[in-house]
Visitor: 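Before I ask anything, here is the structure I am working with.
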Amino acid sequence: MNLGWQELLILLGIVILLFGGTRLAGLGRASGKAIREFKEETEGLNATKGLGGAAAVTPAPDEEQPARPAEQSSPPETPEGEATNRAAEGA
């Protein structure tokens, strides 16, 4: 199913009638912004690759860093606990 220029022109007219010019302009603006951001990120990755991966990638300032859980130390074992463990293993 090949579409010629005449069919594409008819489809474009129908889309403009359905969505309106202002909504289509907003969609074009949003997709242009997304493409620009994608290009910037890929250029950044290519630059990092060119440096041998030595450069650390830092998140954007408006992004939040995930919270790291605090390290929990285990309580020291008492001689009583060792005796209980030994008795459980032997039984």
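Computed over heavy atoms, backbone and side chain alike; hydrogens, waters and symmetry mates excluded. Numbers here simply count residues along the sequence, with the first being 1.
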Visitor: Any sub-3.5 Å donor-acceptor pair from Glu41's side-chain atoms to Phe38's backbone N or O?
Guide: no
Visitor: Tell me whether Leu9 is reachable from Leu11 by hopping between hydrophobic residues (I, L, V, M, F, W, Y) whose side-chain heavy atoms are closer than 4.5 Å.
Guide: no
Visitor: Using the rule that Ile, Leu, Val, Met, Phe, Trp and Tyr join whenever any side-chain heavy atoms are under 4.5 Å apart, tell me whether Leu18 and Val15 fall into a single cluster.
Guide: yes
Visitor: Throw together a table of side-chain donor-acceptor distances under 3.5 angstrom for residues 23-32, partners on residues two or more places apart or in other chains.
Guide:
unit_1	atom_1	unit_2	atom_2	d
Ser31	OG	Leu27	O	3.1
Ser31	OG	Gly28	O	3.0

Visitor: Applying the 4.5 Å side-chain criterion to the ILVMFWY set and letting contacts propagate, would Ile14 and Leu8 be lumped into a single cluster?
Guide: no
